[in-house]
Trainee: 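Let me begin by handing over the structure; questions about it come next.
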Amino acid sequence: MSTFSIFLVLITIVCFLLIVVIMVQNPKGGGLSSTISGTQMLGGVQKTTDFLDKSTWTLATILISLILLSSLSFTGSLSDTDSKIIEKSEAPVTTPAAPAPQTPAPQTPAAK
């Protein structure tokens, strides 16, 4: 498995986790914290909001880092000279053959 494939799998996992964390949050402050009735569970409502906020920023930072690292691992593995697309698109340059000399048609005398 190539390095780029490993980065691709990690990016996919982090994206899925980031989507889950964002979907749990509620922009009006309800979210997961509104379903917890007591302040004793999970360290309280404020701790849950802080955890979701910190995990969102952490996952976003990890995602950006993985994307940058994957782009660095991808460069240099396929140069322009090794590209199969360029090889197929470049047709050999051929010069057109010189046109055959045309012989003029014999002129017929005009009838009067």
Trainee: Quick one: side chains of residues 3-23, donor-acceptor pairs under 3.5 Å with protein atoms, not counting sequence neighbours, listed by atom name and distance.
Mentor:
unit_1 : atom_1 : unit_2 : atom_2 : d
S5     : OG     : S2     : OG     : 3.1
T12    : OG1    : L8     : O      : 2.8

Trainee: What's in the same ILVMFWY side-chain cluster as W57, cut-off under 4.5 Å, chained through other members?
Mentor: none
Trainee: Measuring from atom CG of L63 to atom OG1 of T58, what distance do you get when rounded to the nearest 0.5 angstrom?
Mentor: 12.5 Å
Trainee: Could you work out, with side chain to side chain donor-acceptor pair (under 3.5 Å) as the rule, every residue matching T56, not counting sequence neighbours?
Mentor: Q25
Trainee: Under 4.5 Å between side-chain heavy atoms, hopping through other hydrophobics if needed: is there a path connecting L69 to I62?
Mentor: yes
